[in-house]
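A short worksheet on the structure shown next.
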Amino acid sequence: MVARFVAAEEAITRLGSALEMNWTVFRPTLVYDCVHDKNIAVIARFIQNYSFFPLLGEASGLRQPVHADDLAEACIMALNQPVTFCRAYNVSGGETLSYRQMVERIFSSLGKPARFLIIPAWLFRGAIRVIMLLPGKRNMTPEMAMRMNIDLCFDHADATRDFGFLPRLFLPYCEDPK
């Protein structure tokens with residue numbers, strides 16, 4: 001997927017240059033909206049249904065969830081700023097949390113105590129392969145779980161400098177902390 005994103009960004013750069021057209025690309029981190037996203041909302045639904053969440057090891061990989069409204073606001077703010085033309089920006093959330101801390105925050109927002117089932121990597125891989133056989137679960141892969149322990153953070157300082165991007169802290173379900 002990363003290779004496809006890189007290729008798409010390169011294609012936008014080439015096409016924009018060929019057409020002498022301004023463009024701005026955003027590279028958002030984990031996007032959530034508290035309802036329709038495929039990250040935070042999915043975790044919340046799992047917690048609502050089962051009152052626990054499975055973790056692979058320490059789940060120490062760092063995340064910067066960015067709210068969809070902050071991403072939309074970034075698009076509007078950058079729209080008429082010539083400094084943003086023909087540039088790409090990382091757009092990340094207002095705080096950095098470990099994967100485990102992020103899930104703890106989701107538990108808290110749902111008014112539930114955090115309950116984790118810590119699973120060793122070998123068992124997790126096998127369980128995911130079995131789950132993939134269930135209807136509607138074919139898109140799950142062992143690699144998805146392995147990323148719980150990988151840092152996926154990006155600096156958005158350029159976006160802050162160039163068009164005033166100031167994302168909110170991570171608060172699912174979904175108070176507006178601004």
Side-chain angles (χ1 to χ4, degrees), residues 1-17 21-44 53 55-109 114 116 121 139-178:
M1 185 171 9
V2 172
R4 287 191 346 234
F5 288 146
V6 169
E9 189 173 319
E10 290 170 353
I12 289 168
T13 302
R14 282 191 308 277
L15 185 60
S17 179
M21 185 170 109
N22 292 327
W23 54 268
T24 304
V25 169
F26 290 132
R27 298 183 205 112
T29 57
L30 187 136
V31 179
Y32 71 100
D33 70 356
C34 303
V35 180
H36 301 101
D37 65 85
K38 296 197 183 332
N39 298 296
I40 304 308
V42 170
I43 293 169
F53 194 79
L55 292 179
L56 179 62
E58 294 181 27
S60 60
L62 299 178
R63 300 293 187 273
Q64 297 164 302
V66 61
H67 195 282
D69 288 347
D70 292 340
L71 185 55
E73 187 175 338
C75 292
I76 291 166
M77 290 188 307
L79 192 59
N80 292 312
Q81 298 289 331
V83 69
T84 68
F85 298 167
C86 303
R87 296 216 35 212
Y89 291 92
N90 295 326
V91 185
S92 53
E95 69 181 308
T96 302
L97 307 110
S98 71
Y99 191 94
R100 182 186 182 109
Q101 290 171 318
M102 182 182 74
V103 176
E104 286 171 347
R105 188 85 56 91
I106 297 167
F107 270 106
S108 177
S109 75
F116 295 106
N139 62 338
M140 294 183 74
T141 66
E143 291 73 28
M144 290 168 70
M146 302 309 245
R147 287 193 297 258
M148 285 183 195
N149 290 295
I150 297 172
D151 292 346
L152 299 174
C153 291
F154 302 92
D155 184 11
H156 61 254
D158 290 345
T160 299
R161 180 196 65 230
D162 288 354
F163 57 90
F165 179 66
L166 293 171
R168 70 190 74 196
L169 301 177
F170 177 62
L171 288 174
Y173 304 104
C174 242
E175 303 169 48
D176 187 355
K178 288 184 176 178

Of all heavy-atom pairs between Asp151 and Ser60, which one has the smallest distance, and what is that distance? OD1-O, 4.0 Å
Does the side chain of Arg105 come within less than 4.5 Å of Phe170's, by heavy atoms? yes
Can you pull the ring-ring contact (aromatic ring centres under 6.0 Å, His included) pairs that have at least one residue in residues 77-103, sequence neighbours excluded? Tyr89-Phe163
Any donor-acceptor pair under 3.5 Å linking the side chain of Glu10 with the backbone of Ala7? no
Side chains of Thr29 and Leu152: closer than 4.5 Å at any heavy-atom pair? no
Could you state the interatomic distance from NZ (Lys38) to CD1 (Ile43), rounded to the nearest 0.5 Å? 14.0 Å
Output the distance between atom CD (Gln64) and atom CG (Leu97), rounded to the nearest 0.5 Å. 9.0 Å
Heavy-atom side-chain contact between Asp162 and Gln81 under 4.5 Å: no
If you define the side chain from C-beta out and look only at heavy atoms, does anything of Pro28 sit under 4.5 Å from Leu71? yes
Is Asn149 close to Leu56 at the side-chain level, that is, under 4.5 Å between some pair of heavy atoms? yes
Report the distance from atom CH2 of Trp23 to atom OG1 of Thr84, rounding to the nearest 0.5 Å. 10.0 Å
Do you know which two heavy atoms are closest between Ala68 and Asp33, and how far apart they sit? CB-CB, 3.9 Å
Nearest-0.5 Å distance that lies between atom OG1 in Thr24 and atom CE in Met77: 12.0 Å
Is there side-chain contact between Phe26 and Phe165, with heavy atoms separated by less than 4.5 Å? no
NZ/NE/NH1/NH2 to OD/OE distance under 4.0 Å, Glu73 and Arg168: no
Compare all side-chain heavy atoms of Val66 with those of Leu30 and state whether any distance is below 4.5 angstrom. no
So do the side chains of Arg27 and Ser92 get within less than 4.5 Å of each other, counting heavy atoms only? no
If you look at every heavy atom in His156 and Gly93, which pair is closest and at what distance? CE1-O, 3.3 Å
Using only atom types and a distance under 3.5 Å, with no angle test, would you say the side chain of Ser109 pairs donor to acceptor with the backbone of Ile106? yes
Here the gap from Arg63 atom CZ to Ile40 atom CD1, rounded to the nearest 0.5 Å, amounts to 9.5 Å
Of all heavy-atom pairs linking Val31 and Asn39, the shortest is O-ND2, 3.5 Å
Check Val42 against Asp37 and note the closest heavy-atom contact, atom names and distance. CG2-O, 4.0 Å
Quick one: CG on Leu62 to OG on Ser98, what's the gap to the nearest 0.5 Å? 7.0 Å
May I ask you to check whether over 12 heavy atoms, not counting those of Glu58, lie within 6.0 Å of atom CD? no
